[in-house]
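This structure is a prediction, so every number in the text was calculated from the model and none was measured.
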Amino acid sequence: MRKRLFTGAIALVLSLLSVASPILAAEGSTSTQEDSIPVQPSVSEETLDQTPPTEVPPASDIPPQTPPAEPPSPDTPVPEKPPVSDPVPPPPVEIPEGPPLRQEHVKYMEGFPQRAFQPGKQLTRAQAAQVVYRLLAAPDSGTGSCSYTDVPNSQWYAKSVQALCALGLFDNGSHFRPGDVITRAEFVDLLIRVKPQAQGTAAFPDVPASHWAANQISAAASQGWINGYPDGTFRPDNGLSRAEACTVINRMLGRSGDAEQANKLLSLGIFSDMTASHWAGTTIVEAAVSHAPTVNGSGEGWSDIDLASMTFHPGFHDVGKQLYYVDQYGKLALNITFGAFRADSSGALTRLSASYQIPNVPYLSQIDNIYAWVGCEAVSTLMGLQAKGYATKVPLKQFLDNLPRHRTNPEKGFVGSPYVPDPSKRTRTTIYPAKLAEYSNTYCNGQPVCADFRGASVTDLQRELLAGNSVVAYMTLWWEKPNYRTYQIEGTPQRLVSNNHAVLVCGYDPEKGYFISDPYNYYNRGEVHQYWKDAKTFEAIWNERQVGMVLR
């Protein structure tokens, strides 16, 4: 009996130890939840209590142990592990199609009157609509309705605004606000509708996720269309300049421009308010000139540029090491010979002769029969006009009498009388080139034949003469050194040349100097007073005064 009780107690102790062991291991574990390996759950106490004890078979019933396997020989090939399959990528996000864009590099940005581009002027919503309209392959193919009440059909922007609204590029509504500056957010939204992109990852601190255009701005920034400001902000409610708009659109379209051609066109004066040094010069010309691009290592190379259709700044232009000429109408000389020059198909000039003299310049005297003692500027001008075939039947007295007049300011009209000098020397009796050109052009069928030439260098003057043009040059009487007096011009004292005299310069030769048609034939009345004046004397006076009017 005692022996049976002792044997039962030992069995109970052993069974309790076998239950406590897994719990202690779990409590002693130091692994974290993230990197622990899941363990099969141990048998619960409740389950243990319901499981009958397992009897240990006698020793003779235990099956023999399997001997340990022999280690593999180095020559035995080891089977490869089965490949781990790559994770299945998520299905691609569908990007909606935008309206088809024109593939050729068309002009999509226009300038303003008088060839101004106004690169710093902010873009309006109406202008943005016009720009995008020009870029679309089928801009009038939209079928949506447009209900704007502030876009009358008579306005220049009506067609483009209504077309973009019908395409869904602008949201329909009652007001479009055509004259408002388009914000950076609105502009990006418009371009993303034109050329949809996948959602980007770019972020700006002033464009929270809740911003209405956050996704559009992020997508455009991720594509490299737009950049933030140096402080990292985007400033979505700011406007953007016309130059900035060109930059963004060119990036969107992958249009890089031809720097060499842009430099040429800007140097010729395609825009009156921009030079070739402007930071966005190439970008703007890319937007403003239609061309056929050829991709090269440094960007684009342009061909098929319609130079004949463009308007530039009149006169001669040095571009690099090449000389070009633009006539009075703003047209580049192409495939033509004029004066001592020949222009090729690109406009580049070749000088054919060292000198040139306008043939058959009619002579008019300010003294003979008319006695216009101080009307030299107007008389010289009428000679130049008649040499070009203008005002050939206009009497000299009529030309003098119709001059615009002003009491004291030669910038506003002829001061005094062209017939009567002021013996007191208190009146600066003359008319300045700008006003004289304005008046003279009324005899040229409204064409800009005459232009202010003040500030021109001797080289500029020589080139005009070699091109077959003439210049009314404000020199001095008898080619003396300029003398100065102080005159009251609209109540303001000005120190001006008192011995002024104007002549028509109509030829140049490096050896002879300048060919002069001088209306003041005081010592040879009744005769033609035309002669060559040496370069040294002429250029000394011209360089001091630099006052004249060119007739092209």
Just to verify, which of F316, Y356, Y325 counts as forming a ring pair (Phe, Tyr, Trp, His ring centres under 6.0 Å) with F341?
F316

Determine whether [X] and [Y] make a side-chain contact, defined as any pair of heavy atoms from C-beta on separated by less than 4.5 Å.
| X | Y | value |
| --- | --- | --- |
| P178 | V161 | no |
| M383 | P519 | yes |
| V285 | Q261 | no |
| Q162 | N153 | yes |
| P410 | I489 | yes |
| I284 | M109 | no |
| R545 | N500 | yes |

With sequence neighbours excluded, what pairs up with F399 under the ring-ring contact (aromatic ring centres under 6.0 Å, His included) test?
Y439, Y443

ring-ring contact (aromatic ring centres under 6.0 Å, His included) filter on H278, not counting sequence neighbours, yields none

Looking only at heavy atoms, which two atoms of [X] and [Y] are closest? And how far apart?
| X | Y | result |
| --- | --- | --- |
| R552 | G315 | NH2-CA, 3.8 Å |
| F453 | V550 | CB-N, 3.7 Å |
| L385 | C444 | CD2-SG, 3.6 Å |
| P152 | A158 | O-CB, 3.3 Å |
| S380 | A502 | OG-O, 3.3 Å |
| D518 | Y363 | O-OH, 2.6 Å |

Distance (rounded to the nearest 0.5 Å) between [X] [atom1] and [Y] [atom2]:
| X | Y | atom1 | atom2 | answer |
| --- | --- | --- | --- | --- |
| T283 | E286 | OG1 | CD | 8.0 Å |
| I367 | L364 | CD1 | CG | 13.0 Å |
| L123 | R242 | CG | CZ | 7.0 Å |
| D401 | F414 | CG | CZ | 11.5 Å |
| D258 | K264 | CG | NZ | 10.5 Å |
| H501 | E377 | NE2 | CD | 9.0 Å |

Heavy-atom donor-acceptor pair, [X] side chain to [Y] backbone, under 3.5 Å:
| X | Y | value |
| --- | --- | --- |
| R463 | L466 | no |
| K195 | M252 | yes |
| N441 | C450 | yes |
| T392 | Q386 | no |
| N445 | Q447 | no |

Atom [atom1] of residue position [X] - does it have more than 12 heavy atoms of other residues, nucleotides or ligands inside 6.0 Å?
| X | atom1 | answer |
| --- | --- | --- |
| N369 | CG | no |
| Y522 | OH | no |
| K159 | NZ | no |
| R426 | CZ | no |
| R407 | CZ | no |

For side chain to side chain donor-acceptor pair (under 3.5 Å), just list the numbers for T427 and T429, CA-CA rounded to whole Å, side-chain angles, deciding distance to a tenth of an Å, and then say yes or no.
CA-CA 6 Å; T427 304; T429 306; 5.2 Å; no

Kindly assign one of parallel, tilted or perpendicular to the pair W542 and F538, based on the angle between their ring planes and the thresholds 30° and 60°.
parallel

Applying side-chain contact (heavy atoms from CB on, under 4.5 Å) to V379 and I370, what does each step give before you reach the verdict?
CA-CA 11 Å; V379 178; I370 196 166; over 6 Å; no

Side-chain polar contacts of residues 471-479 - donor-acceptor pairs under 3.5 angstrom, sequence neighbours left out - could you list them?
| unit_1 | atom_1 | unit_2 | atom_2 | d |
| --- | --- | --- | --- | --- |
| Y474 | OH | I431 | O | 2.6 |
| T476 | OG1 | E480 | N | 3.0 |
| T476 | OG1 | E480 | O | 2.5 |
| W479 | NE1 | Y531 | OH | 3.1 |

Return the set of residues passing side-chain hydrogen bond (donor to acceptor under 3.5 Å, both in side chains) with [X] (not counting sequence neighbours), or none when no residue passes.
| X | result |
| --- | --- |
| R454 | E411, D452 |
| S309 | D306 |
| Q366 | none |
| S517 | Q530 |

Run the side-chain contact (heavy atoms from CB on, under 4.5 Å) test on N524 and H529 for me, step by step, so that the C-alpha distance in whole Å, both residues' side-chain angles and the decisive distance to 0.1 Å come before the verdict.
CA-CA 7 Å; N524 52 340; H529 192 38; 3.6 Å; yes

With P99 via side-chain contact (heavy atoms from CB on, under 4.5 Å) - residues at least two apart
L136, L169

Tell me which one of E490, R428, Q494 satisfies side-chain hydrogen bond (donor to acceptor under 3.5 Å, both in side chains) with N409.
E490

What verdict does the side-chain contact (heavy atoms from CB on, under 4.5 Å) test give for T311 and K331, after you've listed the backbone C-alpha separation in whole Å, the side-chain angles of each residue and the deciding distance to 0.1 Å?
CA-CA 5 Å; T311 302; K331 297 302 179 181; 3.6 Å; yes

Test of understanding: with salt bridge (Lys or Arg N to Asp or Glu O under 4.0 Å), list the residues that count as partners of E511, not counting sequence neighbours.
none

How would you list, by chain and number, every residue that makes a salt bridge (Lys or Arg N to Asp or Glu O under 4.0 Å) with R125, sequence neighbours excluded?
E186

Q462 and Y514: CA distance, side-chain angles, deciding distance, side chain to side chain donor-acceptor pair (under 3.5 Å) verdict:
CA-CA 9 Å; Q462 291 172 356; Y514 298 83; 3.0 Å; yes

Apply side-chain contact (heavy atoms from CB on, under 4.5 Å) to the pair R342 and D344, showing each step before the final yes or no.
CA-CA 7 Å; R342 171 69 188 174; D344 66 15; over 6 Å; no

Any pair counted as ring-ring contact (aromatic ring centres under 6.0 Å, His included), so long as it reaches residues 101-135, sequence neighbours left out:
H105-H291, F117-F271

Keeping to residues at least two apart or across chains, list the salt bridge (charged side-chain N to carboxylate O under 4.0 Å, His left out) pairs with something in residues 357-371.
none

